[in-house]
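What follows is a set of notes on a single structure, which appears directly below.
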Amino acid sequence: MPFGARGASADAMKLILASASPRRAEILRNAGFEFDVHPAHLDETRLPGESPEDYVRRLADAKARSAAEQIGRKHTRAIIIGADTAVVVAGKLLGKPNGVEDAKRMLRLLSGRTHEVLTGVAALRVPEGSSALHVETTRVTFLELSDSDIENYVATGEPFDKAGAYGIQGIGGKFVREIEGCYFNVMGLPLSRVWSLVRATKSERTAGA
């Protein structure tokens, strides 16, 4: 039976998502996983000189480890998934907008351009504490957006909890002309990569048991 799938035995290794993102949970749930949610609350300030790749990788690992500390001894055998997503366009790293004007600024930057969506993913095995890390990159090309396009989209409220101020799976999807890479990565969790990391982490644990 696949790891984390519905119907797994009670003594199977648990899967834990260290994120409050409803989109990440939806991706895992739709793929048939059973998991617990233990969000991590961190200072997500970027370090001086830190590259976008290093930034999302560091935060993904920190989120998984923070969740492990919160859980303590409640789950003695688990794999914890941490993830962090950022958008990079014209050399600028975009996180979640901090208000209406910031969301408009981000959408103007994305308009008519190709940007990269980076998601750092960490699979942390507990109680051992070892982890596997990966950064997934997807290239996304936007249509040209008019001022009214941006105004109307921001008014829906959709941009405010999303890196880069848009959701490809929602209203913002109509702005996307082309993607190169993993669609789920743009939503915030590269599903096939997560599955590969989880399988490798579980197999390593089993081999060393």
Side-chain angles (χ1 to χ4, degrees), residues 15-28 31 35 37-70 79-98 102-103 105-107 109-110 113-126 129-142 159-169 172 176 179-198 200-201:
L15 183 66
I16 295 169
L17 177 63
S19 172
S21 165
R23 291 167 299 284
R24 291 186 178 124
E26 177 187 8
I27 290 169
L28 289 180
F35 56 95
V37 175
H38 288 275
H41 304 287
L42 304 172
D43 178 359
E44 298 189 9
T45 303
R46 188 179 178 189
L47 300 178
E50 190 172 36
S51 71
E53 291 82 1
D54 288 344
Y55 173 70
V56 296
R57 184 187 295 110
R58 174 176 62 83
L59 287 185
D61 187 53
K63 289 176 180 180
R65 294 187 184 279
S66 175
E69 292 176 5
Q70 294 173 32
I79 294 176
I80 303 175
I81 299 298
D84 190 78
T85 301
V87 169
V88 179
V89 60
K92 301 179 185 297
L93 189 148
L94 308 181
K96 297 174 183 177
N98 57 28
D102 198 33
R105 176 186 68 85
M106 292 184 183
L107 290 165
L109 281 171
L110 299 179
R113 287 186 169 130
T114 297
H115 61 272
E116 293 184 335
V117 179
L118 280 64
T119 300
V121 179
L124 174 66
R125 191 175 70 232
V126 294
S130 61
S131 65
L133 299 169
H134 177 76
V135 176
E136 188 81 11
T137 301
T138 302
R139 291 171 57 82
V140 182
T141 302
F142 258 37
F160 296 113
D161 64 339
K162 298 171 180 64
Y166 76 95
I168 194 171
Q169 76 284 1
V176 175
I179 71 168
E180 300 174 37
C182 177
Y183 169 85
F184 293 108
N185 186 48
V186 187
M187 286 182 65
L189 197 68
L191 180 59
S192 63
R193 180 63 61 178
V194 169
W195 176 228
S196 296
L197 289 177
V198 165
T201 302

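One is the number of the first residue; the rest follow in order along the sequence.
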Of all the heavy-atom pairs spanning [X] and [Y], show the shortest one and how long it is.
{"X": "Pro52", "Y": "Val88", "result": "CB-CG2, 3.7 Å"}
{"X": "Gly164", "Y": "Leu107", "result": "O-CD2, 4.5 Å"}
{"X": "Ala64", "Y": "Leu124", "result": "O-CD2, 3.5 Å"}
{"X": "Ser19", "Y": "Val37", "result": "O-CG1, 3.1 Å"}
{"X": "Phe35", "Y": "Ala25", "result": "CZ-O, 3.5 Å"}
{"X": "Ala67", "Y": "Ala40", "result": "N-CB, 4.5 Å"}

Q) Between Ile80 and His38, is any pair of side-chain heavy atoms under 4.5 Å apart? A) no
Q. Does the side chain of Met106 reach to within under 4.5 Å of the side chain of Tyr166, using non-hydrogen atoms?
A. no
Distance (rounded to the nearest 0.5 Å) between [X] [atom1] and [Y] [atom2]:
{"X": "Leu94", "Y": "Arg105", "atom1": "CG", "atom2": "CZ", "value": "6.0 Å"}
{"X": "Arg23", "Y": "Ile168", "atom1": "CZ", "atom2": "CD1", "value": "12.5 Å"}
{"X": "Lys63", "Y": "Leu17", "atom1": "NZ", "atom2": "CG", "value": "10.0 Å"}
{"X": "Gln169", "Y": "Ile27", "atom1": "CD", "atom2": "CD1", "value": "7.5 Å"}
{"X": "Leu133", "Y": "Asp61", "atom1": "CG", "atom2": "CG", "value": "5.0 Å"}
{"X": "His115", "Y": "Lys92", "atom1": "NE2", "atom2": "NZ", "value": "15.5 Å"}

**Q.** Leu118 vs Tyr55, side chain to side chain contact (heavy atoms under 4.5 Å, CB included): CA-CA, chis, key distance, verdict
**A.** CA-CA 10 Å; Leu118 280 64; Tyr55 173 70; over 6 Å; no
Q) So, does Arg24 use its side chain to make a donor-acceptor pair with the main chain of Ala18 at under 3.5 Å? A) no
Q. Is Thr201 reaching over with its side chain to a backbone N or O of Leu197, donor-acceptor style, under 3.5 angstrom?
A. yes
Q: Go through the steps for Arg65 and Ser131 under the test side chain to side chain contact (heavy atoms under 4.5 Å, CB included), then give the verdict.
A: CA-CA 9 Å; Arg65 294 187 184 279; Ser131 65; 3.3 Å; yes
Show which side-chain atoms of residues 184-192 pair as donor or acceptor with protein atoms under 3.5 Å away, not counting sequence neighbours.
residue : atom : partner : partner atom : Å
Asn185  : OD1  : Thr119  : OG1          : 2.7
Asn185  : ND2  : Val117  : O            : 3.1
Asn185  : ND2  : Glu136  : O            : 3.4
Asn185  : ND2  : Thr138  : OG1          : 3.0

